[in-house]
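The first residue in the sequence is number 1, and the count goes up from there. Because the structure is a prediction, the values reported are computed rather than measured.
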Amino acid sequence: MELTIEIRTKPGKFQELYQTLLGLLPTIRKGKGCQECRIYRDVEDGEVFFLSGQWEARRNLEHYLRSTNGLGLLGAIDLLSERAAVKTGENAPWEGIDVLKRMRNKG
């Protein structure tokens with residue numbers, strides 16, 4: 001399952017969000033079923049990050065989101081972003097961050 005999160009930082013919060021994402025990256029990659037995870041910065045708009053990951057199955061992503069580290073990721077996005085959008089597949093539409101919160105609460 002492909003996951004892309006587009007995150008626009010709040011004014012003045014770029015460095016804090018960047019450091020937080022860098023700190024979470026190793027734990028995301030160690031999550032069961034995580035095949036790949038990377039952070040990208042938009043070259044045209046430096047206040048935008050993309051977190052891109054590939055998971056074996058949706059249930060693996062849901063399990064990660066229910067973990068303490070998953071809660072940390074969602075909390076950082078809530079606290080440090082002005083806006084976030086989520087795409088859960090190559091041809092899926094962009095949705096709000098609530099899609100990940102629903103995945104976390106499932107099960």
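The environment of CD in Glu90 is sparse: at most 12 heavy-atom neighbours from other residues, nucleotides or ligands sit within 6.0 Å.
Follow the hydrophobic side-chain contacts under 4.5 Å out from Leu22 and you reach Leu24 in the same cluster. No path of Ile, Leu, Val, Met, Phe, Trp and Tyr side chains, each step under 4.5 Å between heavy atoms, connects Phe14 with Phe50, placing them in separate hydrophobic clusters. No chain of hydrophobic side-chain contacts below 4.5 Å, direct or via other Ile, Leu, Val, Met, Phe, Trp or Tyr residues, connects Val48 to Leu73.
Ile28 and Cys37 make their closest contact through CG2-SG, 3.5 Å (heavy atoms, listed as atom of the first residue, atom of the second, distance). Considering all non-hydrogen atoms of both residues, Leu79 and Lys10 come closest at O-NZ, 3.2 Å. Contact detail for Asn69 and Tyr64: the closest heavy-atom pair is O-OH, 3.3 Å. Of all the heavy atoms in Gln35 and Glu56, the pair that sits closest is NE2-CG, 3.3 Å. Summarising the geometry of Met103 relative to Arg66, their closest heavy-atom pair is O-NH1, 3.8 Å, with the distance given to 0.1 Å. Taking both residues in full, the closest heavy atoms of Thr20 and Ala76 are given as CG2-CB, 3.5 Å, listed atom of the first, atom of the second, then distance.
Here the straight-line distance linking atom CZ of Arg41 with atom CD1 of Ile39 works out to 12.0 Å at 0.5 Å rounding. Rounding to the nearest 0.5 angstrom, the gap separating the CD atom in Glu16 from the CG atom in Leu80 is 4.5 Å. From Met1, atom CE reaches atom OG1 of Thr88 across 4.5 Å, with rounding to the nearest 0.5 Å. For the atom pair Leu25 CG and Lys30 NZ, the distance stands at 11.0 Å (nearest 0.5 Å). Remark: Glu47 CD to Leu17 CG distance equals 10.0 Å, nearest 0.5 Å. Separating the CD atom in Glu2 from the CG atom in Leu61 is a distance of 12.0 Å, to the nearest 0.5 Å.
When side chains are defined from C-beta on, Lys87 does not count as touching Leu3, because their heavy atoms never get closer than 4.5 Å. Looking at heavy atoms from C-beta onward, Tyr40 lies out of side-chain contact with Leu51 at the 4.5 angstrom threshold. Side-chain contact between Phe49 and Asp42 is absent, with no heavy-atom pair separated by less than 4.5 Å. Leu100 has its side chain within reach of Ile5: a pair of non-hydrogen atoms, C-beta onward, lies under 4.5 Å apart. Between Leu65 and Asn105, every side-chain heavy-atom pair lies at or beyond the 4.5 Å cut-off.
Ion pair Arg104/Asp98 not flagged as a salt bridge, since none of the NZ, NE, NH1 or NH2 atoms sits closer than 4.0 Å to an Asp/Glu carboxylate oxygen. We find that Glu36 and Arg38 are joined by a salt bridge, their nearest charged nitrogen and carboxylate oxygen being less than 4.0 Å apart. A salt bridge is defined here as a Lys NZ or Arg NE, NH1 or NH2 lying under 4.0 Å from an Asp or Glu carboxylate O, and Arg59 with Glu62 fails to meet this definition.
No donor-acceptor distance shorter than 3.5 angstrom exists from the side chain of Thr4 to the backbone of Ser52, with no hydrogens or angles considered.
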query: Yes or no on salt bridge (charged side-chain N to carboxylate O under 4.0 Å, His left out) for Glu6 and Arg83, after CA distance, side-chain angles and deciding distance?
result: CA-CA 8 Å; Glu6 178 185 21; Arg83 173 183 55 76; 3.7 Å; yes
message: Asp78 vs Lys101, test: salt bridge (charged side-chain N to carboxylate O under 4.0 Å, His left out). Steps then yes/no.
response: CA-CA 11 Å; Asp78 274 345; Lys101 292 176 182 179; 3.0 Å; yes
